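Below: the structure, in structure tokens.
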Amino acid sequence: MTRTSASHTLRDSRLLAAVLSLLLAACGGTPQDEVGEDIQGTQEAGLNVRLRLVAANTSSGNYQSYDPGHGIRIFQGLDPDVVMIQEFNYGDNSASAIRGFVDTAFGTSFSYYREAGAQIPNGIISRYPIIAAGEWDDTQVSNRDFAWARIDVPGPKDLWVISVHLLTTSSTVRNTEATNLVNFIKANVPAGDYLAIGGDFNTSSRTESCFTTFSQVVSTASPYPADRNGNTNTNAGRSSPYDHVLVDSDLRAYQTAVVIGASSFSAGLVADTRVYSPISELSPALSTDSGATNMQHMAIVKDFLIPSDTTTTGITVTSPNGGESWAGGSTHAITWTASGVTNVKVEYTLNGSTWTTLTSSTSASTGSYTWTVPSSATTTARVRVSDASNSATTDTSNAAFTITTSGGGGTAAQVFINEVLANEAGSDVNGEFIELVNSGGTTADLSGWTVSDSTGVRHTFASGTTLGAGAAIVVFGASSGIPSGVSNAVACSTGTLALGNSGDTVTLKNPAGTTVDTTTYTSSLAGTDGVSMNRSPDATSGGTFVLHTTLSSLSSSPGKRVSGSAF
């Protein structure tokens, strides 16, 4: 698929330049010529760009946060352009934590706005530049407001989006909120621009009076988005239409079917992973994500084909584009086609989230870059080629390809972090451990691989260390901490793992320094003495970390499956 972007003719370039310089920090943006990510919008015959809008209150877990990762995977699978997000919390809610969440769930080129001083803030996340943003007061509730953003989407019009989280108290209160918001819109949003209101309306039916109020500025008419089974309700129990993406008549005229993989949803999609089939179309989302503990609601997805500007650029990765199997250490050409681009940046990933730059600038016209494939076995490698001067123009391999280290015998090794005990039983820190699992079909050579926390390298595997297919190896804080009966365990080479009980990051790297796997955990997973955090499902590289006691009666299972049985 060709990923493209448009060259915009801005109506007031001087104003835009000033606003952008002031708002990049507030909106969490990164200058567009520094970082890149896939562009969902595909230019059709040079006239239209596909714009995907998503409304999402998909936080889960115990803290109305996106920490547990279920919502992150759903976002990654939906690949939106603009998201109206609710309960916009992650980690300690610092600027770096929120930026990290946006980078992981959407991409490093996305900008965001998150309202300040709210317990469960609303926000907007956008592939396209946010040129102004702020919040309007919701007088009916104390812990959030209406978050708004003006976005420079392709074409002659800007897009105004408002992220809302209406109150549960009553339909009367919700109509008061709607009335206030409509007044804000009439006073601030130019009639000639596009408008979208999206989020968690908490509406028990589509006949509530707030929809009549909203119809003054947006369309509330059917047809309505639905899941794979035709259910249009969006709350956790799938019994009420809580969530909506409502757009004005100008944008509604361009609505088109939501297409994901081979599936098409004519009126839009209610994204419930429990009923979506095949779930591989929403990868890396898991079928269990929408049913996670305290998952709030289902995301709403609507697509639009909007007129673009007349000047277009484009890049298409042609190899590797998914399905290839390349041996580590071999030499292959990364190839692409490009139009309207002078130089390109070439990158690769081994795990789908951490990117390594091969060249920051090489001639686009050559269409090729010779790459010595790293000797790191993986089944989730991709390459990305971007305009070196405008990272919004970019393309990534359509699907993952494989790197083998065994010369072709069986499936490649795949090593990942499966279990972590950060809060040891009692006070003996030597009992802290990190368990690695190889779910691939060949033995992995771990010589020179490292395990780090957020402070630095804690363990380096000795030369000759291997991890067999389907086996586990455990790194303990010290040899005295290795329990009797635990085989294939080693003591930390620096003498301590020093894992933080209030949160930390564990990272596994190969000898080349490439990140093979990493996970960041919070105190909710490290707050109980002797209870580890474990992948769910167990021994699954894409599984979410949960408390071990939610999976079995055991508090931990170093070197063994979560049930206590042998690997």
Side-chain angles (χ1 to χ4, degrees), residues 1-10 13 16-17 20-21 24 27-52 79-82 102-103 106-112 125-131 151-156 306-322 333-349 352-371 381-398:
M1 179 182 293
T2 303
R3 313 285 188 178
T4 64
S5 68
S7 300
H8 299 176
T9 302
L10 300 177
S13 59
L16 175 59
L20 275 174
S21 64
L24 272 174
C27 296
T30 307
Q32 292 292 303
D33 59 352
E34 293 182 5
V35 290
E37 188 58 40
D38 282 355
I39 289 297
Q40 170 70 23
T42 299
Q43 190 116 347
E44 300 194 358
L47 296 175
N48 298 305
V49 171
R50 184 176 293 268
L51 176 69
R52 175 162 294 173
D79 195 16
D81 295 306
V82 177
V102 173
D103 290 350
F106 305 98
T108 54
S109 67
F110 276 68
S111 296
Y112 72 87
I125 303 168
S126 174
R127 189 187 301 274
Y128 298 105
I130 295 176
I131 57 178
I151 300 171
D152 183 26
V153 296
I306 60 174
S308 73
D309 299 305
T310 57
T311 303
T312 63
T313 58
I315 294 173
T316 303
V317 172
T318 54
S319 179
N321 206 31
I334 296 173
T335 61
W336 63 86
T337 60
S339 61
V341 177
T342 303
N343 295 301
V344 296
K345 178 181 180 181
V346 183
E347 305 165 276
Y348 73 91
T349 180
S353 60
T354 304
W355 291 88
T356 299
T357 300
L358 294 171
T359 176
S360 59
S361 183
T362 190
S363 175
S365 62
T366 63
S368 179
Y369 178 87
T370 301
W371 182 35
R382 295 179 190 245
V383 300
R384 179 167 66 192
V385 181
S386 310
D387 185 341
S389 62
N390 178 15
S391 62
T393 302
T394 183
D395 188 34
T396 301
S397 306
N398 283 355

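Only a predicted model underlies this, so the values are computations on that prediction, with no experimental measurement involved.
- Among residues two or more places apart in sequence or in another chain, the side-chain hydrogen bond (donor to acceptor under 3.5 Å, both in side chains) test is passed with Thr337 by none.
- Nearest heavy atom pair, residue Ala388 against residue Ser360, reads CB-O, 3.7 Å.
- Every side-chain contact (heavy atoms from CB on, under 4.5 Å) that Ser353 has, sequence neighbours left out, goes to Asn351.
- Not counting sequence neighbours, Thr366 has no partner by the side-chain hydrogen bond (donor to acceptor under 3.5 Å, both in side chains) test.
- Here the OH-OG1 distance, from Tyr369 to Thr362, works out to 7.5 Å after rounding to the nearest 0.5 Å.
- Of all heavy-atom pairs spanning Trp355 and Val383, the tightest one is CZ3-C, 4.0 Å.
- Counting all heavy atoms, side chain and backbone alike, Ala364 lies closest to Val344 at CB-CG1, 3.6 Å.
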Checking Asp81 against Val153 for the side-chain contact (heavy atoms from CB on, under 4.5 Å) test, could you report, in this order, the C-alpha distance in whole Å, the side-chain angles of both residues, the deciding distance, and whether it holds? CA-CA 10 Å; Asp81 295 306; Val153 296; over 6 Å; no
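- Within the model, atoms NZ of Lys345 and OG1 of Thr357 stand 4.0 Å from one another, a figure rounded to the nearest 0.5 Å.
- Taking both residues in full, the closest heavy atoms of Ile151 and Val82 are given as CD1-CG1, 3.8 Å, listed atom of the first, atom of the second, then distance.
- To the nearest 0.5 Å, atom CD1 of residue Ile315 and atom CZ of residue Arg384 are 11.5 Å apart.
- Put simply, the side chain of Asp395 gets close to the backbone of Val317: a donor and an acceptor are under 3.5 Å apart.
- Ser386 pairs in a side chain to side chain donor-acceptor pair (under 3.5 Å) with only one of the listed residues (Thr393, Asn343, Thr394), which is Thr394.
- Atom OG1 in Thr356 sits 4.0 Å away from atom OH in Tyr348 (nearest 0.5 Å).
- Trp336 is linked by a ring-ring contact (aromatic ring centres under 6.0 Å, His included) to nothing, counting only residues two or more places apart in sequence or in another chain.
- Residues passing the side-chain hydrogen bond (donor to acceptor under 3.5 Å, both in side chains) test with Thr370: none are found, sequence neighbours excluded.
- When every heavy atom of Asn321 is checked against every heavy atom of Asn398, the shortest pair comes out as OD1-N, 3.0 Å.
- Note that CD1 of Ile131 and OG of Ser111 are 11.5 Å apart. Values are rounded to the nearest 0.5 Å.
- Between Ser397 and Pro320 the shortest heavy-atom distance is OG-O, 2.7 Å.
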